[in-house]
Amino acid sequence: MGEIRSGIWRKFRFKNMTISQAFMFLTVLTLLAATIALMLELAVFEHIRNNIMAPYLEEYEIAPGYNTQVLKTELVGMDAVWIDWMSNVQMVTVIITIGGLIGGEALIFYRLKLKKPLRILDEASQKIAKNDLDFQVIYNSEDEMGKLCRSFEIMRASLEENNRQMWRTMDERKRLNAAFAHDLRTPLTVLRGYTDFLVKYLPQNKISRDKQMLTVQTMSEHIDRLENYVTSMNTLQKLEDVMVYPQKVTMEVFIVQLQESAQILGRAKGLKVSFLNNAKEAYTDIDPEIVMQVYENLVSNGVRFAENKLTIGFEAKQNFFTIRVMDDGSGFEKHELKKVSDPFYIGKTEKLAKAENHFGLGLHICKILCEKHGGLLIIKNDISGGGSVTAKFSGNINHSVCL
């Protein structure tokens, strides 16, 4: 019973009243106060009037048991002035009383219902104008101003998150540009060296035809490498504009497509590819294009580092679709596990990666796409020692967070 009374009190106390309810409540109190004040004033003026008139009145008996008062002499001096002005003074007093009570009501209403939330909102607006979002808008009330403050806080939090996302994007862009410029130096330096070599010796006919063809071929390979690198960079830039559109996909048909794609890639390197299908649901909500892009990246990495076999697992449950790719290679170094999904990171496989025109973008692209699809990318070593990469995709996508 005590909790019920406390809840009712919290609901109907003045702070939690709506603005209209609070205004009506104070208006009623003001009318009651005005009525009492006017009654007291009338009584006071009547008492003063009787005291002034008493010396000038004489009482007569007009009938047995009935008396009346008559004016026996004219009022003189200040007594006459007070009586003449009494009605005017009484009217002015009434106006001042009513005006004072109305003004008091407005002041109380402002101080109790508007002053604090307006101050909070004004301070918040000034901070937002200065791009200072490290604060909270807190006003605990159930009235309209409380709801407005909560809406303002939601807006501030959204601005703060967007601001953080913008800075993260800018930092990522700077880092990508720095890595891009750094990795371009080597092939450009090689091309510059071969160009200087040809410019110096070709006019003098000091280079054999075979040497000329070999040099041109090498330069062509480096140009191809640059083109591939720029293409990869362009692909990475466009990922920021990717939108994820989940659709109901039949698991049996889709997994067959995934298996055929992996078998083709594995067959090219003579690998044995096996599958673990734990997809219990007949349908799931995914974007097949996004999932296929991530899958092909993971399988290509697995094929690159596997020695004899590749194992791929599928799972579909609780509105999540999961792909796990495991190879029997040497796995990841411990210090690589946290960096291997960074852009352009190729670690201990640098020589092999450069030989295959690999720039360390695959896992980074997979990570971005998984996160856009409401999931994540998990990179670790399998208990057998090889690498294991798991991609999770969620069917519950909020398009407002897909940049």
Side-chain angles (χ1 to χ4, degrees), residues 6-31 33-34 96 98-179 236-244 342-343 367-368 370-376 394 396-403:
S6 177
I8 294 174
W9 167 247
R10 284 196 302 270
K11 182 176 180 181
F12 290 101
R13 64 181 179 178
F14 187 79
K15 185 177 180 180
N16 291 330
M17 289 181 181
T18 65
I19 290 178
S20 59
Q21 289 173 342
F23 180 77
M24 291 300 298
F25 177 74
L26 288 177
T27 300
V28 170
L29 289 182
T30 301
L31 290 175
I96 292 175
I98 295 175
L101 288 173
I102 293 175
E105 177 194 5
L107 181 61
I108 293 173
F109 180 79
Y110 171 75
R111 291 181 64 86
L112 295 182
K113 297 298 290 183
L114 301 177
K115 182 178 180 180
K116 184 176 180 179
L118 288 177
R119 176 179 57 80
I120 291 173
L121 292 174
D122 180 61
E123 292 175 354
S125 299
Q126 293 180 22
K127 289 183 178 180
I128 291 176
K130 296 177 182 178
N131 204 29
D132 177 13
L133 300 173
D134 188 19
F135 68 96
Q136 285 187 316
V137 180
I138 301 176
Y139 180 66
N140 297 321
S141 175
E142 299 301 323
D143 65 358
E144 292 89 340
M145 299 305 293
K147 294 177 182 178
L148 179 60
C149 287
R150 286 191 291 274
S151 299
F152 209 88
E153 168 60 18
I154 293 173
M155 180 190 72
R156 181 210 62 82
S158 178
L159 287 174
E160 183 181 25
E161 179 59 29
N162 290 339
N163 201 28
R164 289 177 180 174
Q165 181 65 34
M166 180 187 68
W167 282 109
R168 284 196 295 266
T169 301
M170 291 178 63
D171 289 341
E172 184 70 12
R173 177 74 64 242
K174 291 178 181 178
R175 193 161 64 89
L176 289 175
N177 290 338
L236 184 61
Q237 299 279 354
K238 292 175 183 176
L239 285 177
E240 296 179 356
D241 300 324
V242 168
M243 293 290 288
V244 180
D342 291 346
K367 179 183 177 182
I368 292 175
C370 285
E371 290 174 352
K372 283 185 172 292
H373 210 306
L376 72 162
S394 172
N396 298 323
I397 303 298
N398 182 0
H399 287 283
S400 64
V401 301
C402 297
L403 303 179

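Atoms considered below: every heavy atom in the structure, side chains included; atoms not considered: hydrogens, waters and symmetry mates. For this chain, numbers begin at 1 and follow the sequence in order.
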Checking the side chain of [X] only, and the main-chain atoms of [Y] only, is there a donor and an acceptor separated by less than 3.5 Å?
{"X": "Lys113", "Y": "Met17", "value": "yes"}
{"X": "Asn163", "Y": "Leu159", "value": "no"}
{"X": "Ser158", "Y": "Ile154", "value": "no"}
{"X": "Asp143", "Y": "Ile19", "value": "no"}

Discussion item. Using a 6.0 Å cut-off, check whether atom CG of Asp122 has over 12 heavy atoms from anything other than its own residue.
Written reply: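 Yes, the 6.0 Å shell around CG holds more than 12 heavy atoms from other groups.
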Discussion item. Other residues, nucleotides and ligands only: do more than 12 of their heavy atoms fall within 6.0 Å of CE on Met166?
Written reply: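 Result for CE/Met166: enclosed.
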Do the side chains of [Y] and [X] get nearer than 4.5 Å, heavy atoms only?
{"X": "Lys127", "Y": "Leu133", "answer": "no"}
{"X": "Ile128", "Y": "Phe135", "answer": "yes"}
{"X": "Cys149", "Y": "Ile138", "answer": "no"}
{"X": "Tyr110", "Y": "Leu118", "answer": "yes"}
{"X": "Leu121", "Y": "Met145", "answer": "yes"}
{"X": "Leu148", "Y": "Phe152", "answer": "no"}

Worksheet item: Is it true that Arg119 and Glu123 make a salt bridge, defined as a side-chain N closer than 4.0 Å to a carboxylate O?
Response: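 Salt bridge between Arg119 and Glu123, a charged N being under 4.0 Å from a carboxylate O: yes.
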Within this structure, what is the [atom1]-[atom2] distance for the pair [X] and [Y], rounded to the nearest 0.5 Å?
{"X": "Asn140", "Y": "Asn16", "atom1": "CG", "atom2": "CG", "result": "9.0 Å"}
{"X": "Lys116", "Y": "Arg111", "atom1": "NZ", "atom2": "CZ", "result": "12.5 Å"}
{"X": "Ile108", "Y": "Leu29", "atom1": "CD1", "atom2": "CG", "result": "8.5 Å"}
{"X": "Ile102", "Y": "Leu107", "atom1": "CD1", "atom2": "CG", "result": "14.0 Å"}

Which heavy-atom pair separates [X] from [Y] by the least distance, and what is that distance?
{"X": "Gly146", "Y": "Tyr139", "answer": "CA-CD2, 3.7 Å"}
{"X": "Leu101", "Y": "Ala33", "answer": "CD1-C, 3.9 Å"}
{"X": "Phe109", "Y": "Ala22", "answer": "CE1-CB, 4.0 Å"}

Response to the item:
salt bridge (Lys or Arg N to Asp or Glu O under 4.0 Å) pairs touching residues 149-162, sequence neighbours excluded, are Glu153-Arg156, Arg156-Glu160, Glu160-Arg164, Glu161-Arg168
